[in-house]
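In what follows, a structure is listed as structure tokens, so that the remarks can point back to it.
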Amino acid sequence: MGGSSNAGGSLNFIHQIIEEDNKTGRFEGRVCTRFPPEPNGYLHIGHAKSICLNFGTARKYGGTCNLRFDDTNPEKEEQEYVDSIMNDVRWLLAGSASDGKPDPWDGLFYASDYFDQLYEWAVALTKKGKAYVCDLTPDQVRETRGTPNKAGENSPFRDRSVEENLKLLEGMKNGEFPDGARTLRAKIDMASPNINLRDPVMYRILRATHHRTGDQWCIYAMYDYAHGQSDSIEKITHSICTLEFEHHRPLYEWFIKELGIHAPQQIEFARLNLTYTIMSKRKLLRLVKDNHVSGWDDPRMPTISGLRRRGYTPESIRAFCERIGVSKYEGTIEMAWLEDALRADLNKKAQRRMAVLRPLKVVIDNYPETQIEELDAVNNPEYPSAGTRKVPFSRELYIEHTDFHENPPKGYFRLAPGKEVRLRWAYFLKCEKIIKDDAGNVIELRCTYDPTTKGGNAPDGRKVKGTIHWVSAHHAVPAEVRLYDHLCKVPFPEDVPEGQDFLVNLNPNSLEVVTAMLEPNLMNAAIGSSYQFERLGYFNVDKDSAAGKLVLNRAVTLADTWAKIEKKGK
RNA sequence: UGGGGUAUAGUGUAACGGUAGCACAACUGACUCUGGAUCAGUUUGUCUAGGUUCGAAUCCUAGUACCCCAGCCA
């Protein structure tokens, strides 16, 4: 479970604040957090950090954590997003609840649950002379707001009487004015150095159908007016959010104070950035809408649904969130961390199989033509309890094209002319002859095997350095395998030259599709199941699979020392 | 030119006046029927300049760099 600090015993700065509050009895020892997404897109790995932090913090201190949808903008929000978010949170936190409840959240709420209360409070603030109806157009509001270096000017409508304001506010609510004609604004200080305090808009007139309240309302609270009070209503103690809301905090505190209601402590932390991908919801939406990817759950996407489809496990994502820690420093985590978390998890869980991604045919000349042997292969060397399976062996095999070199480079200990390797779980194999097509490409190898080496060991004690994987040609199950690489071709894709946008940094080779040959054991592999293809990586059965047609995604490759050596040689 | 934040190895994150630690990455080596995994080890760091102190990443002063803020988005 995420949330606690990564170094044993030490606390992250948020937990330090909480422990201090608990010590002083500030919230009677209660710890109540919430994860408050806007349902305007799919959750991504950055949200996972927040989810792990909020839920993890509540669990750590015996408190509660709510899931609340901040659905105050009906123009961008949809039920599809609500559903996907609940689904993703359930999946991410599955199995982590101590009480065995089906849903990980303690309370499920919507800001739209509070529309009536929020409006009542707006009336109360208006009565207090702390809010007014303003007739300025959006352009005029912008012009009179001032700049960071220049104070704003008061709206000419700022001093309307309470009676008039009340009447106009009710009129706004009752649909008497066109969209955008008026707003309700907080009366604070147009000269504040904090622009959020320069009479911010509380309500706008907007005739849009809300995914939950339908056409009941034609005015909608702004996020800044809704968020703090929603936290207050839920008696949240620690309202954890990202850094950009830091200078909104005085505004939230102003509303809470004027209303005289429960005051949560807002704490801001740095959002997650990852190399070789993008995290902006707006940009992710664009990738989906413009078909740069197949959807929100495209395995190249940093979305939770994309990672799930790619083959990431909830445990690996939680471990990742735990390890990256939490601070106010806006850094960028290397993608290798995420990949490492997956490998660490799957190395223990995934059964091993053999699969050949780029088949090269091998004929074993001295192996009986019609003979087939069932050889024993270990399912997971990490856990012998995972057992063994039978793998058919015959005269014609496929091996990996990259496991053969006609002119092997120095240090290469796979197959080459006249060289001997071990076939995993089978026999020693020696390359005798190369067969090429007219263009000079190697298309087949004629080899011999040593029948005394069955199982992979030579009775004469001779050693081979290389062990390669293989599949019996006649038993092989063809499958579509999708080889994924980073979404972006550079570590910081959002850094683009003037006038260009991040699309120029999309990785054109982020997906390569091959027809692979799998060992027959995989024939009926279940959708969503993960395997390690020996020497290649971890693969997950995709939902596009159908009877007789397997589709697999490569979640992550194995660490590849040889590839590193090869690269260095160049 | 205003306000709010943040600076510790390549990347993150600890150390809360007392030996700068951990993880990932990189590099060595051992082991290995996965060039996987595992194990052992190595390299690399306190933004700068002053000051306080027996002692400073930590306290003080002055700088520097980077991020955020001028939606009727969240």
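Only a predicted model underlies this, so the values are computations on that prediction, with no experimental measurement involved. To find a chain, count down the sequence lines: A is the first, B the second, and so on, and within it residues start at 1.
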Give [X] one of three labels, base, sugar-phosphate or nothing, depending on what nucleic acid heavy atoms sit under 4.0 Å from its own.
X	result
A/Tyr225	nothing
A/Thr332	sugar-phosphate
A/Arg414	base

Checklist entry - ring pair (Phe, Tyr, Trp, His ring centres under 6.0 Å) with A/Phe245: which residues, sequence neighbours excluded? => result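 A/Tyr223, A/His248.
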
Is any side-chain N or O of [X] closer than 4.0 Å to OP1 or OP2 of [N]?
X	N	value
A/Thr467	B/U34	no
A/Thr72	B/A74	yes
A/Arg145	B/C72	yes
A/Arg204	B/G71	no

Among A/Glu519, A/Arg353, A/Glu400, A/Arg424, the one residue meeting side-chain hydrogen bond (donor to acceptor under 3.5 Å, both in side chains) with A/His469: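 Per the side-chain hydrogen bond (donor to acceptor under 3.5 Å, both in side chains) rule, the option paired with A/His469 is A/Glu400, out of A/Glu519, A/Arg353, A/Glu400, A/Arg424.
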
Just the rounded figure in Å: distance from [atom2] of [N] to [atom1] of [X].
X	N	atom1	atom2	value
A/Tyr252	B/A74	OH	P	10 Å
A/His247	B/C67	NE2	P	13 Å
A/Met222	B/C73	CE	P	5 Å
A/Tyr223	B/C69	OH	P	14 Å
A/Ile399	B/G35	CD1	P	13 Å
A/Leu243	B/C69	CG	P	11 Å
A/Lys328	B/U13	NZ	C1'	17 Å
A/Asn194	B/A70	CG	P	11 Å

Test side-chain contact (heavy atoms from CB on, under 4.5 Å) applied to A/Thr209 - qualifying residues, sequence neighbours left out: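 Partners of A/Thr209 under the side-chain contact (heavy atoms from CB on, under 4.5 Å) test: A/Asp215.
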
Flag the pair [X] and [Y] as a salt bridge only when some basic side-chain nitrogen lies within less than 4.0 angstrom of an acidic carboxylate oxygen.
X	Y	result
A/Arg535	A/Asp403	yes
A/Lys454	A/Glu373	yes
A/Asp560	A/Lys564	no

request  = Tell me which nucleotide among B/C73, B/G35, B/A37 gets nearest to the side chain of A/Lys76.
outcome  =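 Given the options B/C73, B/G35, B/A37, the side chain of A/Lys76 is closest to B/C73.
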
_Return whichever of A/Gly180 or A/Phe13 has its heavy-atom-nearest nucleotide of RNA chain B closer to the 5' end._
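This one resolves to A/Phe13.
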
If you assign A/Lys564 and A/Thr183 each to the RNA chain B nucleotide with the nearest heavy atom, which residue ends up on the more 5' nucleotide?
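Its nearest nucleotide being more 5', the pick is A/Lys564.
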
Note, RNA chain B 5' to 3' with Watson-Crick or G-U pairs under 3.5 Å encoded as ( ), [ ], | and . gives .((((((..((((....[..)))).(((((.......)))))....(((((..]....))))))))))).....

Is the base of [N] touched by the side chain of [X] through a donor-acceptor pair closer than 3.5 angstrom?
X	N	value
A/Arg352	B/U34	yes
A/Arg142	B/G71	no
A/Glu534	B/G36	no
A/Glu382	B/G36	yes
A/Gln532	B/U34	yes

### Message
For A/Tyr110, does the six-membered ring have the charged nitrogen or CZ of A/Arg212 within the cation-pi criterion, i.e. under 6.0 angstrom from the centroid and within 45° of the normal?
### Response
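Because its charged atom sits under 6.0 Å from the ring centre and within 45° of the axis, A/Arg212 does stack over A/Tyr110.
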
Hey, mind stepping through A/Lys430 and A/Lys419 against side chain to side chain contact (heavy atoms under 4.5 Å, CB included) and telling me if it holds?
-> CA-CA 6 Å; A/Lys430 192 172 176 185; A/Lys419 300 251 285 189; over 6 Å; no

